Amino acid sequence: MPEAASAPSPSRVVTGDSEFDRDSAVVRREPGVYDIDLSDGWTIFGAVNGGFLLAVLGRALADALPHPDPFTISAHYLTASRPGPAVVRTEAVRTGRTLSTGQASLFQYDDEGDEVERIRVLASYGDLATLPDDVRTTATPPAIPPLEQCFGPDDGPAPVDGGSAIADRLMIKLDPATLGWALGAPSGKGQMRAWFGLADGRDADPLSLLLAVDALPPTAFEIGLKGWVPTVELTVHVRHRPAPGPLRVSVTTRNLAGGFLEEDAEVWDSEDRLVAQSRQLARVRLG
């Protein structure tokens with residue numbers, strides 16, 4: 001039986017009771033090797049969401065490394081991940097007193113039974129609780145109307161054919177100023193802003209921040225493009241453990257060229273702290 005589909009051992013990594021925790025939980029087969037059955041509940045156009053995959057590998061690295069929290073994690077998406085069995089292999093690159101660095105890859109098997117690497121990450125971990133409180137910044141939280149004045153998937157017909165199963169597991173309320181694409185009148189500004197949380201009410205933590213940066217509709221929609229916008233590379237910096245309550249997420253694209261665009265994301269918590277930042281390179285289909 002292929003390794004990615006073989007029966008796991010009973011040594012489960014401790015997680016919470018949220019659907020996000022259950023579905024992203026990995027099972028330690030042996031030191032550094034973890035099994036998971038990727039749920040179809042976190043898919044977009046049939047592929048598993050890139051932020052959710054990052055949380056899966058982030059959870060495996062948190063178990064494999066001596067430090068608990070991702071500080072920076074960079075992922076290259078090699079092939080589209082599909083629901084079903086997968087294996088995560090991790091390796092500690094360096095361990096120090098305050099930071100440890102590791103790498104991880106997720107593998108699945110194709111229809112011919114050949115192992116395929118889906119995503120590879122390199123990450124540095126530490127302990128967010130030990131960081132000093134000193135903050136000197138010119139960054140400001142995004143201006144988003146109150147949550148009750150924003151709109152989610154349940155507030156109208158689905159504007160994108162093909163469905164997005166992940167939408168049922170998230171609380172996303174989009175700023176009306178970035179909703180022109182859903183009404184057939186995109187602004188052309190390449191901006192997306194929203195309130196964000198998990199649908200079951202679970203408060204955010206460093207691992208769910210890895211999902212938050214990649215959970216909003218693509219900025220390409222507001223530029224006037226449609227369809228799947230697959231991530232090529234995604235780097236996330238986790239700056240602080242978020243306070244309870246909904247997050248505010250702002251994503252901006254300044255440059256689309258040669259069929260690729262960047263997305264710069266900021267995530268702010270209920271205490272007006274910048275808790276995560278990211279940049280990704282994504283591919284778009286033109287024409």
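Any value given below was found using the heavy atoms of this structure, including those in side chains, with hydrogens, waters and symmetry copies removed. Because the structure is predicted, anything quoted here is derived from the model rather than measured.
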Looking at [Y], is its backbone amide N or carbonyl O close enough to the side chain of [X] to form a donor-acceptor pair, meaning the two atoms are under 3.5 Å apart?
| X | Y | answer |
| --- | --- | --- |
| His67 | Thr95 | no |
| Thr90 | Gly32 | yes |
| Asp203 | Pro244 | no |
| Tyr125 | Thr101 | no |
| Ser24 | Phe20 | yes |
| Arg169 | Leu198 | no |
| Trp42 | Ala47 | no |

Evaluate the criterion salt bridge (charged side-chain N to carboxylate O under 4.0 Å, His left out) for residue pair Glu233 and Arg283; output intermediate values, then yes/no.
CA-CA 10 Å; Glu233 187 270 345; Arg283 185 167 55 189; over 6 Å; no
Atom pair [atom1] ([X]) and [atom2] ([Y]), whose distance is rounded to the nearest 0.5 Å:
| X | Y | atom1 | atom2 | result |
| --- | --- | --- | --- | --- |
| Ser208 | Phe52 | OG | CZ | 12.0 Å |
| Asp168 | Ile166 | CG | CD1 | 10.0 Å |
| Ser250 | Phe196 | OG | CZ | 14.5 Å |
| Ser278 | Leu209 | OG | CG | 10.5 Å |
| Ile73 | Gln103 | CD1 | CD | 12.0 Å |

Closest heavy-atom pair and its distance - [X], [Y]:
| X | Y | result |
| --- | --- | --- |
| Gln149 | Pro176 | O-CG, 3.4 Å |
| Leu207 | Gly58 | CD2-C, 3.7 Å |
| Ser100 | Leu65 | OG-CB, 3.6 Å |
| Tyr77 | Gly50 | OH-O, 2.8 Å |
| Pro230 | Arg285 | CD-NH1, 4.4 Å |
| Pro242 | Arg273 | C-NH2, 4.1 Å |

Same apolar cluster: [X] and [Y], side chain cutoff 4.5 Å:
| X | Y | answer |
| --- | --- | --- |
| Val229 | Leu286 | yes |
| Leu216 | Ile144 | no |
| Ile44 | Met171 | no |

Any chance the side chains of [X] and [Y] put a donor and an acceptor closer than 3.5 Å?
| X | Y | value |
| --- | --- | --- |
| Glu262 | Asn255 | no |
| Thr72 | Ser124 | no |
| Glu266 | Gln277 | no |
| Tyr34 | Asp63 | yes |
| Thr235 | Arg279 | no |
| Thr79 | Arg118 | yes |

Passes side chain to side chain contact (heavy atoms under 4.5 Å, CB included), Leu225 versus Leu256? Steps please.
CA-CA 11 Å; Leu225 302 175; Leu256 187 160; 3.5 Å; yes
Would you say [X] and [Y] make side-chain contact, with heavy atoms under 4.5 Å?
| X | Y | answer |
| --- | --- | --- |
| Leu247 | Trp268 | no |
| Val249 | Val213 | no |
| Thr98 | Asp127 | no |
| Arg29 | Val27 | no |
| Leu61 | Val121 | yes |
| Val267 | Leu274 | no |
| Ser105 | Arg89 | no |
| Phe71 | Leu99 | yes |

Kindly indicate, with the supporting measurements, whether the criterion side chain to side chain contact (heavy atoms under 4.5 Å, CB included) is fulfilled by Val87 and Val33.
CA-CA 7 Å; Val87 62; Val33 181; 3.7 Å; yes
For a side chain to side chain contact (heavy atoms under 4.5 Å, CB included) with Ile119, tell me which candidate from Leu106, Leu234, Thr231 qualifies.
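Answer to the side chain to side chain contact (heavy atoms under 4.5 Å, CB included) test with Ile119 among Leu106, Leu234, Thr231: Leu106.
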For atom CZ of Arg202, decide whether the heavy atoms of other residues, nucleotides or ligands shown that lie under 6.0 angstrom number more than 12.
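Counting neighbours around CZ of Arg202, more than 12 heavy atoms of other residues, nucleotides or ligands fall under 6.0 Å, so yes.
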Under the side-chain hydrogen bond (donor to acceptor under 3.5 Å, both in side chains) test against Thr219, which residue among Thr178, Thr252, Asp264, Thr253 passes?
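When Thr178, Thr252, Asp264, Thr253 are each tested with Thr219, the side-chain hydrogen bond (donor to acceptor under 3.5 Å, both in side chains) holds only for Thr253.
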Between [Y] and [X], is the closest basic N to carboxylate O distance under 4.0 Å?
| X | Y | answer |
| --- | --- | --- |
| Asp17 | Arg22 | no |
| Asp205 | Arg241 | no |
| Arg248 | Asp269 | no |

Could you check whether the rings of Trp181 and Phe221 sit parallel, tilted or perpendicular, using 30° and 60° as the cut-offs?
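The arrangement is tilted - the two ring planes meet at 30° to 60°.
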Just do the side chain to side chain contact (heavy atoms under 4.5 Å, CB included) check on Leu211 and Leu170 with the steps written out, would you?
CA-CA 10 Å; Leu211 168 65; Leu170 304 177; 4.0 Å; yes
In sequence, state the C-alpha distance, the side-chain angles, and the governing distance for Leu57 and Arg59, and then conclude on side chain to side chain contact (heavy atoms under 4.5 Å, CB included).
CA-CA 5 Å; Leu57 273 71; Arg59 196 178 292 284; over 6 Å; no
